[in-house]
Engineer: 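Encoded as structure tokens, here's the structure I'll be asking about.
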Amino acid sequence: MLRQTAGWFDTRLGTSAFVQKALTKVFPDHWSFMIGEIALYSFIVLLLTGTFLTFFFDASTSHSVYRGAYEPLNGVEVSDAYRSVLELSFDVRAGLVMRQIHHWAALVFIGSIVVHLCRVFFTGAFRRPREINWIIGVLLLILAIFNGFSGYSLPDDLLSGTGLRIAYSIALSVPLVGTWMAFLLFGGEFPADEIIGRLFVVHIMIVPALIIGLLTVHLAVVWRQKHTQFREPGRTEGNVVGSRLWPSYAAKSVGLFFAVSAVLCVMGGLAQINPVWLYGPFEPQQVTSPAQPDWYLGWVEGALRLVPAFDVRLFGYEIPNPFFPAVLLPGVTFTLLLAWPFLEQHFAHDKEAHHLLDRPRDHPVRTALGATTLTFYTVMFVAASNDLIAKWLGASIFGITLVFRILILIMPPLVGWGTYRLMKALTASGAGHLSEMPLAALTNGASADGHGSRVHEGKAHTGDGHAGDGPAGNGLGAPAEDAHAPRG
Amino acid sequence: MRHVQGRAGWAVKVLTALGAVALGGCAYTSNLTSPYRSQEPVADGPERGRVLYLRDCAWCHATDGSGTGRGPDLISGTNGAAMTDFMLSTGRMPINDPSEPTRLSPPSYNPAEIEDLVAYVSAFGGEGPPVPVVDSEAGDLALGLELYQENCAACHSTTGVGGALAAGPDPFDETLIAPSLIRSTPVQTAEAMKVGPGTMPVFGSETFSDMEVNSIVRYLSHLQRPDDRGGLPLGHVGPVTEGAIGWLVGVGAALVIVRLIGTRVGEE
């Protein structure tokens with residue numbers, strides 16, 4: 001029966017050749033290649049739970065009376081958006097667990113994208129010919145952050161309203177066009193009635209559609225260009241060693257989907273997230289403290305808290321202070337991130353194609369720069385909690401802020417320098433792994449020139465030694481694929 | 001040679017002088033530690049308030065409550081019965097050293113002793129409000145929520161867990177804390193509103209009627225036993241702890257899983 005159906009399609013579409021090719025596709029087995037799949041599967045959980053939520057959410061700031069199980073707000077007039085989230089949390093069967101799984105999945109989705117990005121960065125997987133996928137990946141990160149924030153803003157509770165007010169002020173701070181932009185986005189002066197409805201369309205349709213589109217291209221490009229792999233015996237610039245899609249990699253990947261879903265469901269069932277009923281409905285004259293965004297915007301919040309108060313006037317126009325931490329900084333951040341593969345090609349004079357990955361130590365400058373950058377954003381991220389840290393430590397909030405202002409200047413170069421020394425020492429010691437490196441190598445090895453660190457560049461051209469598995473016939477120089485022998 | 005000896009002698013002198021200053025400093029500061037406070041209970045009776053006051057309070061606030069260089073008077077402003085009861089029942093007073101900050105802590109006296117002290121201090125003539133009578137059952141929960149959000153949440157947080165306030169511009173100041181209200185009793189909450197302890201503004205009877213005070217207290221008692229139907233409350237501080245759990249538990253578990261599914265370099 002199955003065979004007949006397949007045959008029916010094959011005679012009309014010629015599918016069997018494609019399926020044959022697809023099922024024998026080779027995937028590397030290294031664990032770090034599956035981090036992106038965590039993001040993929042979190043996204044699928046987001047789509048499933050999000051669809052459920054749209055059945056009940058009412059994206060409107062019109063007011064109506066909540067009548068339901070949450071006693072303090074029973075009989076109170078609130079916005080339809082807030083009322084429907086209260087009903088989801090108290091009165092719709094399984095509504096709350098769906099909300100919570102959705103929110104936890106969003107945090108894990110963006111978290112795993114960042115880890116995936118770090119893996120790609122520190123192993124040099126973005127190098128030619130994979131610059132395209134690096135750019136698509138960074139765009140996916142931006143879209144994910146944007147969709148996270150729009151979702152966080154939808155329930156119209158006091159915390160998310162405070163966040164929207166900050167977003168409005170950030171839009172206002174753009175020189176020349178800020179006021180126009182803020183009014184255009186929000187549909188008038190804050191708190192405008194339009195914003196919830198608009199964010200809803202953005203959150204459930206426009207951005208998810210863009211994410212699905214770019215994700216498809218992201219995966220298609222991986223498929224077309226084939227995977228990178230770590231340098232190991234039998235692995236060359238000209239081949240890919242791993243498991244075939246069918247059956248072994250498919251089993252792993254489906255297993256990972258179930259495992260990620262399980263983790264998210266357990267979190268959604270056991271740990272409360274965004275209890276909007278405790279925060280109360282948004283009223284423009286009210287504010288709550290502490291007020292933080294979800295973690296993925298923590299670095300922008302931290303930058304807003306760390307940048308000292310100063311005024312800039314240019315050509316008779318004031319550039320409002322929030323412009324620098326909240327518009328310029330993210331703009332520069334993502335521009336540099338998008339441009340990184342080309343910057344590295346330019347400054348490292350390496351425009352060659354690479355299919356074998358670097359270990360972080362193989363390229364100490366890149367690794368040190370990455371560590372510096374991560375430290376910079378981590379300090380800002382932690383500084384976003386300066387009020388909570390002040391409370392927990394019983395120290396002055398100004399003192400804490402001062403400490404962070406000092407840390408953000410000295411920590412990134414310090415960590416970068418330390419990382420550089422460590423990578424050099426690791427190379428000089430010849431240890432296979434950081435844990436195997438003798439401590440003395442740190443002091444001795446640092447001065448030695450990392451003679452091992454450039455070995456890969458010599459090797460990079462040895463692919464023609466493997467005539468048999470030379471570049472595949474797709475004209476891209478993409479490597480051939482070798483599946484493992486069946487395992488014992 | 002003589003020259004060197006001279007230098008050494010000079011150094012010895014300086015060191016000796018520094019040592020003497022240090023010792024003197026130690027002696028001076030050790031003199032300044034807590035006033036002697038007897039731990040012996042004072043027998044119940046008409047004199048107990050006076051005895052406790054003279055023993056534990058008068059050293060800083062003076063025998064007639066007019067204050068000294070070490071502590072403020074207990075008569076002006078909103079001082080009086082409610083203020084005294086609030087400071088004693090929340091353990092903010094007494095403190096051992098005038099430079100100590102007043103902090104929410106276990107009370108030093110039992111309720112009967114506090115009552116006697118309140119009566120004794122009120123007799124100094126402070127014009128602040130009396131200890132309020134609170135009936136939270138008479139309050140309206142929804143009105144309480146609205147008033148709480150409008151007047152209290154900005155400092156004490158919508159969930160009542162408190163927060164840090166911007167203190168003076170000196171970075172070495174101790175922070176100002178809007179304390180957690182999670183253990184506050186109805187009477188203490190009402191007292192704080194009426195007298196405005198520390199940096200808190202006064203929300204007196206011209207601001208809130210008795211009905212409104214009762215409503216706020218009622219909503220606060222709801223916040224003290226909140227409906228955490230979503231599971232672990234994670235401290236009720238919002239995205240900071242949520243982000244930590246999202247990374248440590250969510251991303252962390254997922255990474256452990258891929259590590260278990262996948263291989264390492266050199267592993268087959």
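Chain letters run A, B, ... following the sequence lines, proteins first and then strands; every chain starts at 1.
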Engineer: Relative to chain B, which segment of A/I38 carries a heavy atom at a distance below 4.5 Å: side chain, backbone, both, or neither?
Structural biologist: side chain
Engineer: Can you tell me how far the OH atom of A/Y70 sits from the CZ atom of B/R229, to the nearest 0.5 Å?
Structural biologist: 11.0 Å
Engineer: Using non-hydrogen atoms and a 4.5 Å limit, figure out which bit of A/Y279 sits close to chain B: side chain, backbone, both or neither.
Structural biologist: both
Engineer: Any idea which heavy atoms bring A/Y152 and B/P239 closest together, and the distance?
Structural biologist: CE1-CG, 4.3 Å
Engineer: Counting only N and O atoms by type, is there a donor-acceptor contact under 3.5 Å from the side chain of B/T158 to the main-chain atoms of A/T288?
Structural biologist: no
Engineer: Against chain B, label A/P233 side chain, backbone, both or neither, depending on which of its atoms sit under 4.5 Å from a heavy atom there.
Structural biologist: neither
Engineer: Count the heavy-atom pairs under 4.5 Å between each of A/N386, A/N74, A/V97, A/L158 and chain B, then report the option with the highest count.
Structural biologist: A/L158
Engineer: Which atoms of A/V287 are under 4.5 Å from chain B, going by heavy atoms: the side chain, the backbone, both sets, or neither?
Structural biologist: both
Engineer: Just so I understand: if I count every heavy-atom pair under 4.5 Å between each of A/L107, A/L270, A/D294, A/D387 and chain B, which residue has the most?
Structural biologist: A/L270
Engineer: Could you list which of residues 184-221 of chain B have a heavy atom closer than 4.5 Å to any heavy atom of chain A, in residue-number order?
Structural biologist: B/R218, B/Y219
Engineer: Who among B/G160, B/A153, B/A178, B/G144 has the most heavy-atom pairs with chain A under 4.5 Å?
Structural biologist: B/A153
Engineer: Can you tell me which portion of A/L73 sits under 4.5 Å from chain B's heavy atoms? Options are side chain, backbone, both or neither.
Structural biologist: side chain
Engineer: Looking only at heavy atoms, which two atoms of B/A142 and A/V76 are closest? And how far apart?
Structural biologist: CB-CG2, 3.5 Å
Engineer: Answer with side chain, backbone, both or neither: which region of A/I273 has an atom nearer than 4.5 Å to a non-hydrogen atom of chain B?
Structural biologist: both
Engineer: Taking A/Q100 for its side chain and B/G230 for its backbone only, find out whether a donor-acceptor pair lies under 3.5 Å.
Structural biologist: yes
Engineer: Which bit of B/I245 is near chain A, if near means a heavy-atom gap under 4.5 Å: side chain, backbone, both or neither?
Structural biologist: both
Engineer: Nearest 0.5 Å, what's the CG-CE distance between B/L255 and A/M34?
Structural biologist: 12.0 Å
Engineer: Output the option from B/L234, B/V251, B/D228 having the highest count of non-hydrogen pairs under 4.5 Å with chain A.
Structural biologist: B/D228
Engineer: Take atom CD in A/E71; do more than 12 heavy atoms of anything else shown fall under 6.0 Å from it?
Structural biologist: no
Engineer: Of the non-hydrogen atoms in B/V240 and A/L388, which two are nearest, and what is the gap between them?
Structural biologist: CG2-CD1, 3.5 Å
Engineer: Is there a donor-acceptor pair under 3.5 Å between the side chain of A/E283 and the backbone N or O of B/E150?
Structural biologist: no
Engineer: Compare all side-chain heavy atoms of A/V115 with those of B/W247 and state whether any distance is below 4.5 angstrom.
Structural biologist: yes
Engineer: Quick one: CD1 on B/I261 to OH on A/Y249, what's the gap to the nearest 0.5 Å?
Structural biologist: 8.5 Å
Engineer: Find the distance between CD (A/E232) and CZ (B/R264) and round it off to the nearest 0.5 Å.
Structural biologist: 11.0 Å
Engineer: Measuring heavy-atom distances to chain A, does B/L260 have an atom under 4.5 Å in its side chain, in its backbone, in both, or in neither?
Structural biologist: neither
Engineer: What's the separation between atom CG in B/L176 and atom NZ in A/K391, rounded to the nearest 0.5 Å?
Structural biologist: 14.5 Å
Engineer: Compare every heavy atom of B/H222 with every heavy atom of A/P72, then report the nearest pair and how far apart it is.
Structural biologist: CG-NE2, 3.4 Å
Engineer: To check you understand the geometry: which heavy-atom pair defines the closest contact between B/V265 and A/H30, and what is its length?
Structural biologist: N-CD2, 3.6 Å
Engineer: So for A/S89, is it side chain, backbone, both, or neither that comes closer than 4.5 Å to the heavy atoms of chain B?
Structural biologist: backbone
Engineer: Which atoms of B/L145 are under 4.5 Å from chain A, going by heavy atoms: the side chain, the backbone, both sets, or neither?
Structural biologist: side chain
Engineer: Under a 4.5 Å heavy-atom cutoff, which of B/G238, B/G250, B/A244 has the most pairs with chain A?
Structural biologist: B/G250
Engineer: Looking at every non-hydrogen atom in both residues, tell me the closest pair between B/D227 and A/Q272 and how far apart they are.
Structural biologist: O-OE1, 4.2 Å
Engineer: Output the option from A/W392, A/F33, A/F90 having the highest count of non-hydrogen pairs under 4.5 Å with chain B.
Structural biologist: A/F90
